[in-house]
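First the structure, in the form of structure tokens, and then the observations on it.
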Amino acid sequence: AGSDDKRSVNESQKTGTTWISGLGLDTRLERGSHEFKIKGNFSASLLNERTLYGHDRWRPHFTEAYYQYRNEKSAKAYQLRVGRQNPTAGVLVDGASATLLLGKEGYRDSKSIGVFAGLAPDAITKRPDHERSSFGLQSTYIPEFSAKSDSKLRVDSSVVGELYKNKFT
């Protein structure tokens, strides 16, 4: 530790195991066409100074927390989401998405196309970062022979753009 540090860290605190405590939450409330989902955890290190953000502090990490409206009954079925969501593999946004459901009745999400946009959270803290954003197009296709079974052959495709400080990355 440097001389400017207000706290000193001895050699035994720099390495070793830690004891992490966590509380997970994965719930979905659904009523008619409306759904609210929250998925994440609260975690903390119970040993002094062995984690990136210290100890004795519970840190929330949410991967999903959104409100969704889904209309499957009309001829043009659609789904709208607002909040933290994973619109496609490897993408986490705090924003909105809209999906047009093109599959047959009863299996509407077997074929779909959609758009999404939002702020991309910081990779470590998972807090919204106003300097990072993601946007894109997505599509899903589940062949008819697979749509009715519990195990599905699913083909997802997406095009994702990312901005950092208003520049493409």
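- Under the 4.5 angstrom side-chain criterion for Ile, Leu, Val, Met, Phe, Trp and Tyr, the cluster partners of F135 are L163, F168.
- Annotation: cation-pi geometry satisfied between R81 and Y66 (NZ/CZ under 6.0 angstrom from ring centroid, within 45° of ring axis).
- Considering only heavy atoms from C-beta on, S112 stays 4.5 Å or farther from L102 through its side chain.
- Looking only at atom types and distance, the side chain of H34 has no donor-acceptor partner in the side chain of Y69 under 3.5 Å away.
- Contact between S146 and S149 at its shortest, heavy atoms only, is O-OG, 3.0 Å.
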Dump the intermediate steps for side chain to side chain contact (heavy atoms under 4.5 Å, CB included) on T88 and V160, then the final yes or no. CA-CA 9 Å; T88 189; V160 180; 4.1 Å; yes

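- For the atom pair OG (S133) and CG (D94), the distance works out to 11.5 Å, reported to the nearest 0.5 Å.
- For the pair S33 and N71, the minimum side-chain heavy-atom distance is 4.5 Å or more.
- Here the straight-line distance linking atom CG of L100 with atom CZ of R108 works out to 9.5 Å at 0.5 Å rounding.
- For the pair I142/L153, no side-chain contact is recorded, criterion being any heavy-atom separation below 4.5 Å from C-beta on.
- Between the CD atom of E30 and the CZ atom of R28 there is a distance of 4.5 Å, given to the nearest 0.5 Å.
- By the 4.0 Å N-to-carboxylate-O rule, R127 lies too far from D129 to be salt-bridged with it.
- In K152, the NZ atom is crowded: over 12 heavy atoms of neighbouring residues, nucleotides or ligands sit closer than 6.0 Å.
- Counting heavy atoms from C-beta outward, L119 and R132 have side chains that stay 4.5 Å or more apart.
- Taking Ile, Leu, Val, Met, Phe, Trp and Tyr as members and joining any whose side-chain heavy atoms lie under 4.5 Å apart, directly or through other members, L23 forms no hydrophobic cluster with any other residue.
- For the atom pair CD (Q79) and CD (E72), the distance works out to 8.5 Å, reported to the nearest 0.5 Å.
- Annotation for G103 and S110: closest pair CA-OG, 3.7 Å, computed over non-hydrogen atoms.
- No more than 12 heavy atoms of other residues, nucleotides or ligands sit less than 6.0 Å from atom CD of E144.
- Contact annotation: the side chain of Y78 never approaches that of T99 to less than 4.5 Å [non-hydrogen atoms, C-beta and beyond].
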When you look at I38 and F62, which way does the side chain to side chain contact (heavy atoms under 4.5 Å, CB included) test go after all the steps? CA-CA 8 Å; I38 188 164; F62 290 99; 3.8 Å; yes

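- Here V82 is tied to no hydrophobic group at all, with no ILVMFWY side chain closer than 4.5 Å.
- The pair E35-K37 does not meet the salt-bridge criterion, since no charged nitrogen lies less than 4.0 angstrom from a carboxylate oxygen.
- Within the 4.5 Å cutoff, the side chain of Y67 has no heavy atoms near those of the L80 side chain.
- No hydrogens or angles considered: nothing links the side chains of Q138 and S157 as a donor-acceptor pair under 3.5 Å.
- For the residue pair D156 and T140, a side-chain donor N or O sits within less than 3.5 Å of a side-chain acceptor on the partner.
- The shortest side-chain heavy-atom distance between R84 and E64 does not fall under the 4.5 Å cut-off.
- Salt-bridge check for R154 with D109: failed, with every basic side-chain N at 4.0 Å or more from each acidic carboxylate O.
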